[in-house]
Structure formats: structure tokens, C-alpha cells
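Here the structure is laid out as C-alpha cells; the discussion comes afterwards.
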Amino acid sequence: MKIEIAEFAGFCFGVKRAMDMAWKKLQDSQGNTIYSLGPLIHNNQAVERYQQQGLKIADSVDEVEEGSVVIIRSHGVALSVYDELMSRNVEIIDATCPFVSKIQKIVSKDYAKGKAIIIVGDPLHPEVIGINGWCGNNASIIKELEDVDNMELDSTKEYCIVVQTTMNSDGYASIQKKLEEKLPSAVFNNTICSATCERQEASRKLSEKVELIIVIGGLHSSNTRKLAQVCSANCRTMHIETKDDLDIEEICGYSTIGITAGASTPDWIIEETVEYIKGAHKNRR
Ligand code: SF4
């Protein structure tokens, strides 16, 4: 059995930065209660590790104690959330990924100039909800190609278009093409993060040369699900959170296995999975 790990599997720059900032603050809490606004990342196992160090998760600003510390995760939040937090007199550790901050700034600036904002992405994803909060929640959101036909567009208006950082690049290309036909003067900001493209491309390449690919990452993680989608076009694909989700019977039937992982998957979960597969295979020989 040959196991190959895709290039760029696991934590991206923005997630690593946020996790490091949170860990550092937890080690230096000085007795303060430390919250993250929503789970720090879409990975239950990693979140549990941080909770064991004292991190609490607040689902909304209302759950945050006055005078505590609040970590804003890499997805970022709406502008109004900063005001709400400040009114509670909390210390803010802003771990918004700089690439997401850049989108928030584009949206805020163009909205102030009177442009209509379109966000291409999942309307329920926290990054998209946060970005929308930088233009008064007035953006139109396009999730799929079909949405372009169903929305009212006014070609006399100026439009600014931004994209969720983890959007599938092929999916976005077809949406941009269709929008360009309807809005020839719109300004398109392709804000898909290169970490996402690199990871998708490396995983796609690997999926072309193996029989099975295992995609490791939170079942609710949007970028991990997209990786699984890209790989499944080429080979049998399994999306798991940890080694415990593996169907080892099936896995031992393949001779070439690829492993990739979403941006929120810690290295230790990848290593644990590889060792588990190797061990199971050895025991069967
Ligand atoms: S995927 Fe890109 S934009 Fe998103 S957190 Fe990672 S580095 Fe930042």
C-alpha cells in the first residue's frame, strides 16, 4: 500500500495565525475569562484541545462577560460586532485573517462610494455574514450559478463583486462569466485565497493518480467539503474528521491512497490517520 500526502494539506496561514494568537493568550490569561466568538475553527478535536486550556465559546456577543477577553476568529465579523464588544469593555484579540480583512475593506470602501455589493459565497458561512456586515448587510449573495438568473440586476448601477476566500475556483469562474454578460461594467475582485486554490489544485492532482483519497477535516468545514468535491470527480473519496471514521475494511482494498486535509485540520490529526492506516495494513499482512 502506498500512501501519499497532498502538498498544502492542513492549516493555512490565516488559521495557523489565529490558533497561535489564541494559544498565546490562553497561556497568558492572568485569570481573565477568554472567549472565542463562535468555534475558533471548524474542527471539533482542535476546539476541544483549546477548551481544555480554558477557552470558552460564545455564540453571540450577549454571552460575553463584561471585562473579559474575546478572540475574533479568522473568518472575521461584522463591523457592528466591534462596537458591541467595545461597549462591554472587553479586550479584543483580532485574529481575522488579513486576506479576509482586505475583503471587508474593499466592501466598506465601495459601499461608501454608493456601489452595489455582490458577495459570491455561502450566505450561511460566517466569513460571508461578516463581510456583509461591512456594507450594512445590504449585499446580494450568490451561492450558485442559478442564483444569477434569479436575481434582479440593474446594469445602470455600479457593482463591486467579491468572493468568499474558500470558494471553488471553477465554480466562481462560471459565475463571473455569467455576471459579466449581465453587468459589463462591474468590478470583479477575485478574492479567493491562494491557499485555497493551491490546496484544491494539489488535492486534485493527487486524486488523479491514486485509487482512493481521504479528505480529513470538519464535516461542516466549507473548504474541506469543497476539497472532497474536487477529488470525488477523479477517484473514490472519503471525507472523515478523524481516524475513527475510517472504514478500514474498505481502505485495505486499495493499493494507492492519497491524503489531504482542510485548512482547519491540525497536523496531529493527519499524522494520527496515516499511522493508523499503516498499522491496520501491517496487521493484515
Ligand atoms: S484560507 Fe486563506 S483567507 Fe482563509 S484563513 Fe486561510 S489564509 Fe486566510
Side-chain angles (χ1 to χ4, degrees), residues 6-25 36-47 50 55 57 70-79 81 92-108 119-134 139 141 143 161-173 188-204 215-231 239 260-267 269-270:
E7 209 182 345
F8 307 114
F11 278 177
C12 61
F13 151 79
V15 168
K16 185 172 183 323
R17 176 176 172 272
M19 296 301 275
D20 288 349
M21 286 168 82
W23 192 263
K24 192 163 173 271
K25 194 68 200 173
S36 68
L37 216 43
L40 210 43
I41 54 173
H42 287 144
N43 185 286
N44 294 336
Q45 296 69 30
V47 168
Y50 278 65
L55 182 69
I57 299 172
V70 174
I71 299 162
I72 295 177
R73 57 194 177 167
S74 60
H75 300 312
V77 292
L79 184 58
V81 173
I92 300 174
I93 305 290
D94 191 352
T96 306
C97 176
F99 299 133
V100 176
S101 303
K102 189 178 150 202
I103 306 176
Q104 294 170 342
K105 280 184 196 128
I106 293 172
V107 162
S108 166
I119 306 170
V120 182
D122 179 352
L124 300 178
H125 192 281
E127 179 188 312
V128 173
I129 294 170
I131 294 168
N132 198 8
W134 287 74
I141 301 175
K143 186 178 181 192
I161 292 134
V162 295
V163 196
Q164 183 181 336
T165 55
T166 48
M167 176 87 194
N168 173 299
S169 37
D170 292 343
Y172 171 63
F188 290 86
N189 301 279
N190 183 345
T191 47
I192 297 178
C193 169
S194 64
T196 307
C197 301
E198 283 163 356
R199 185 178 297 102
Q200 283 178 9
E201 192 47 25
S203 303
R204 188 188 59 74
V215 182
I216 313 171
L219 296 179
H220 301 294
S221 151
S222 134
N223 78 87
T224 312
R225 280 161 55 170
K226 278 171 195 154
L227 277 185
Q229 194 186 329
V230 167
C231 294
H239 179 178
T260 188
S264 316
T265 307
D267 284 351
I269 293 187
I270 302 174

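Keep in mind that what you see is a predicted model, and the values were worked out from it rather than measured. Every number for a ligand or one of its atoms is a count from 1 in the order of the listing. For the numbers below, each heavy atom of this structure counts, side chains included, while hydrogens, waters and symmetry mates do not. Residue indices begin at 1 and follow the sequence shown.
- The option with the heavy atom closest to atom 8 (Fe) of ligand 1, from among Ala195, Gly14, Cys97, is Cys97.
- Listed by number with element, the atoms of ligand 1 under 4.0 Å from a non-hydrogen atom of Thr165 are 3 (S), 4 (Fe).
- Scanning all protein heavy atoms for the shortest distance to atom 6 (Fe) of ligand 1 gives Cys12 SG, 2.2 Å.
- Taking CE of Met167 as the start and CD1 of Ile119 as the end, the distance is 12.5 Å to the nearest 0.5 Å.
- In this structure, the side chain of Arg17 does not engage the main chain of Cys12 through any donor-acceptor pair within 3.5 Å.
- Distance check, rounded to the nearest 0.5 Å: NE2 of His75 to CG of Leu40 gives 9.0 Å.
- A salt bridge does not link Lys24 to Asp20: none of the charged nitrogens lies less than 4.0 Å from a carboxylate oxygen.
- Residue contact check: Cys193 has heavy atoms under 4.0 Å from atoms 1 (S), 2 (Fe), 3 (S), 7 (S) of ligand 1.
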